[in-house]
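Step one of this worksheet: look at the structure below.
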Amino acid sequence: MKLHMTTTIILIVLGLNILFGSLVELYSVSRYGWGALNMIPLGLFILQILFASPEESLRNCNKGILLILCIPLLLIGFVINQASWGDSINAMRWSFFQFVLFFVMLNKVPEAELKYAVKVIFFLCVLQIPLGVIKFFLWGSTENALGMLGHSSTSFFVGIAISFVLAYYLIKQINFLRFLVLFVGFSFCGFAGGKRALLLLIPLIMILEFMIYTYYGQRWKVFLRYLIPIVLVGAVFIYIFVRLIPTLNPEHTIWGTFEWEHLITMVENHTSTEQYSVNDTATGRTSALCMGMRVLQEDVSVCFFGMGPQLFVRDGSYDAAEQSQMNLLNIEYGINGFLWYGLQFGLPVAILVFLFFLLGTYWGVQAFRRAPEPFWKAYGLGMAMAGLIMSFFQYYYSMSKNFAITGTYCVMLGILCQYVRGLNASNKIEVHQSSKEYASSSSAFHTINQRY
């Protein structure tokens with residue numbers, strides 16, 4: 001299939017980041033050359049601004065208004081916090097550069113090309129399953145990075161991947177056997193990444209997605225037909241996952257015993273608001289969130305414009321600023337998406353970015369309810385869950401710093417935005433044609449009445 005040049009370039013850049021990006025970001029493999037590769041979407045974005053018609057530019061700006069509103073707030077914050085050019089650019093690279101992909105994907109292309117782009121992305125995601133197997137045999141169940149797997153990126157990838165697998169199963173685009181194979185494959189990726197958070201995330205995804213499917217799809221008649229296999233798969237997942245992840249069972253070994261008491265105690269400790277080290281620094285996600293909220297409440301300037309981009313990113317790396325987290329914030333571990341955006345750039349920016357991520361849920365539900373084609377119905381349902389993961393889960397659990405994760409979501413969000421915009425345009429045409437037909441029939445009826 002012949003693709004638009006912009007779509008082709010974006011898919012190539014995204015594919016390279018999905019397969020090899022983690023090696024660059026985490027192991028500093030030719031970082032400068034890789035940075036130049038990732039500047040290509042920015043170049044396409046600039047060309048899009050220069051050559052697009054005023055009407056098209058305005059339409060695209062309306063879709064990304066939440067991110068555009070961040071720009072003046074960021075500039076004011078940089079001035080107030082006396083941030084250097086280097087720190088400002090590095091912070092923008094880690095926190096906002098991926099959003100350029102969303103604007104680039106707003107170029108008007110045929111629906112068939114959008115569908116092809118989605119299938120390419122799905123194929124690249126399925127390739128993570130053999131990479132997960134390789135990762136496990138190389139390093140075991142650890143957070144070492146390979147592909148889209150590594151550190152917190154594993155949780156985001158596995159959660160979003162299973163969301164789409166379940167969506168296409170519910171809309172009857174894949175059968176139960178394919179659903180089960182893909183579910184097991186992506187779950188194994190989570191096991192290879194050693195991410196305990198998936199124990200709660202995956203069952204929660206399955207429950208919420210099934211609720212959206214039955215409520216907005218008005219499919220109460222098939223409720224039990226899908227409920228039973230989904231509950232069974234979820235229960236088996238919890239049982240096996242607990243036994244496979246060493247930190248979830250009392251023996252701390254692979255294939256340890258399943259004990260509810262140990263599991264509940266571990267979850268309570270992991271989410272406790274009183275999780276601190278001997279130095280009184282926060283070492284848990286909930287305790288870190290509470291500590292960060294205190295910092296935001298103590299100073300109005302910090303609340304609105306943050307503490308500056310140098311807080312978490314120094315010398316081009318977020319690892320180089322870890323000591324400042326302990327000295328200034330008393331946080332040793334647990335910086336989530338809310339604290340990442342809020343403490344650096346201020347609470348308004350954190351809220352705007354959160355709402356941008358949540359657009360996937362809003363547009364996804366629209367596509368699920370209105371799309372005439374099952375493929376796009378399932379895509380909308382999967383994006384509805386992906387939006388919840390990238391907003392609520394990211395803002396509580398951990399900031400997704402992996403270009404491949406956030407970049408892939410932004411590309412898929414741009415595709416969704418284009419499709420929903422096409423649905424709205426076709427509805428307007430249908431309404432206009434109906435009104436013209438009604439006017440012509442009324443005119444003919446009036447003429448007949450005059451004659452007789």
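Taking CD1 of Ile245 as the reference point, atom CZ of Arg196 lies at 9.5 Å (rounded to 0.5 Å). Atom CD in Gln366 sits 10.0 Å away from atom SG in Cys417 (nearest 0.5 Å). Rounding to the nearest 0.5 Å gives a distance of 10.5 Å between CD1 of Ile389 and CE of Met383. Between the CG atom in Leu347 and the CD atom in Gln297 there is a gap of 10.0 Å [rounded to 0.5 Å]. Here CD1 of Ile160 is found 8.0 Å from CE of Met412. Values are rounded to the nearest 0.5 Å. One distance of note links CD1 of Ile68 with CG of Asn62; it measures 8.0 Å at 0.5 Å rounding.
Here Phe188 and Phe191 bring their ring centres to under 6.0 angstrom of each other. Between Tyr169 and Phe164, a ring centre-to-centre spacing not shorter than 6.0 Å is recorded. No close placement of the Phe157 and Tyr409 rings is indicated, their centers lying 6.0 Å or farther apart. Between Phe122 and Tyr168, the distance separating the two ring centers is shorter than 6.0 angstrom. Between Phe356 and Phe99, the ring centre distance stays below 6.0 Å.
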### Message
Quick one, Met390 with Leu359, criterion side chain to side chain contact (heavy atoms under 4.5 Å, CB included). Give me CA distance, side-chain angles, the key distance, then yes/no.
### Response
CA-CA 10 Å; Met390 293 299 294; Leu359 283 175; over 6 Å; no

#### Entry: Intermediate values then yes/no, side chain to side chain contact (heavy atoms under 4.5 Å, CB included), Leu131 and Gln128
CA-CA 5 Å; Leu131 286 180; Gln128 303 304 302; 3.7 Å; yes

### Task
Just do the side chain to side chain contact (heavy atoms under 4.5 Å, CB included) check on Leu73 and Leu352 with the steps written out, would you?
CA-CA 11 Å; Leu73 295 171; Leu352 289 170; 4.0 Å; yes

#### Entry: Working for side chain to side chain contact (heavy atoms under 4.5 Å, CB included), residues Phe375 and Ile171
CA-CA 8 Å; Phe375 177 89; Ile171 309 297; over 6 Å; no

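Few gaps surround CZ on Phe176; more than 12 heavy atoms of other groups in view lie less than 6.0 Å from it.
Minimum heavy-atom separation, Leu358 to Ser391: CD1-OG, 3.2 Å. The nearest pair of heavy atoms linking Ala404 to Asn17 is CB-O, 3.6 Å. The two residues Pro41 and Val104 come nearest to each other via the heavy atoms O-CG2, 3.5 Å. Residues Pro348 and Cys303 come closest through the heavy atom pair CD-O, 3.6 Å. Closest non-hydrogen pair, Ala367 versus Gly380, comes out as CB-CA, 4.0 Å. The shortest heavy-atom contact between Cys70 and Val353 is SG-CG2, 4.2 Å.
Between the Lys377 side chain and the Pro372 main chain, no donor and acceptor come within less than 3.5 Å of each other. Checked by atom type and distance alone, the side chain of Thr154 never pairs as donor or acceptor with a backbone atom of Gly190 at under 3.5 Å. No side-chain donor-acceptor contact under 3.5 Å links Ser153 to the backbone of Leu149. Using a distance-only test at 3.5 Å, with no hydrogens or angles considered, no donor-acceptor pair links the side chain of Gln394 to the main chain of Gly337. Using a distance-only test at 3.5 Å, with no hydrogens or angles considered, no donor-acceptor pair links the side chain of Gln418 to the main chain of Leu114. Panel note: side chain Ser95, backbone Met92; no donor-acceptor pair is recorded below 3.5 Å. Proximity of a side-chain donor or acceptor of Glu209 to a complementary backbone N or O of Leu166 within less than 3.5 Å is not detected. Proximity of a side-chain donor or acceptor of Thr361 to a complementary backbone N or O of Ala384 within less than 3.5 Å is detected. With hydrogens and angles ignored, the 3.5 Å screen pairs no side-chain donor or acceptor of Tyr419 with any backbone N or O of Tyr379. Under a 3.5 Å cut-off, the side chain of Arg421 and the backbone N or O of Leu106 do form a donor-acceptor pair.
Glu113 pairs in a side chain to side chain contact (heavy atoms under 4.5 Å, CB included) with only one of the listed residues (Thr8, Thr7, Ile415), which is Thr7. For the side chain to side chain contact (heavy atoms under 4.5 Å, CB included) criterion with Thr408, the lone passing option out of Leu413, Leu14, Leu124 is Leu14. Paired with Met105 under the rule side chain to side chain contact (heavy atoms under 4.5 Å, CB included), one option of Thr6, Val411, Val100 passes, and it is Val411. With Phe354 as the fixed residue, the ring-ring contact (aromatic ring centres under 6.0 Å, His included) test singles out one of Phe393, Phe392, Phe338, Tyr341: Phe392.
Listed by chain and residue number, nothing satisfies the side-chain hydrogen bond (donor to acceptor under 3.5 Å, both in side chains) test with Ser301 (two or more places apart in sequence, or in another chain). Listed by chain and residue number, nothing satisfies the side-chain hydrogen bond (donor to acceptor under 3.5 Å, both in side chains) test with Asn336 (two or more places apart in sequence, or in another chain).
With contacts defined as side-chain heavy-atom distances shorter than 4.5 Å, the pair Leu75/Val79 does not qualify. Using a 4.5 Å heavy-atom threshold, the side chains of Ser187 and Phe241 count as separate. In this structure, the side chains of Arg370 and Asn424 come closer than 4.5 Å at one or more pairs of heavy atoms. For the pair Leu201 and Leu198, the minimum side-chain heavy-atom distance is below 4.5 Å. Residues Tyr116 and Ile121 form no side-chain contact, since every pair of their non-hydrogen atoms from C-beta on lies 4.5 Å or further apart.
If you check the side chains of Tyr397 and Lys195, you find a donor sitting under 3.5 Å from an acceptor.
The aromatic rings of Phe45 and Phe103 sit tilted, their planes meeting at an angle between 30° and 60°.
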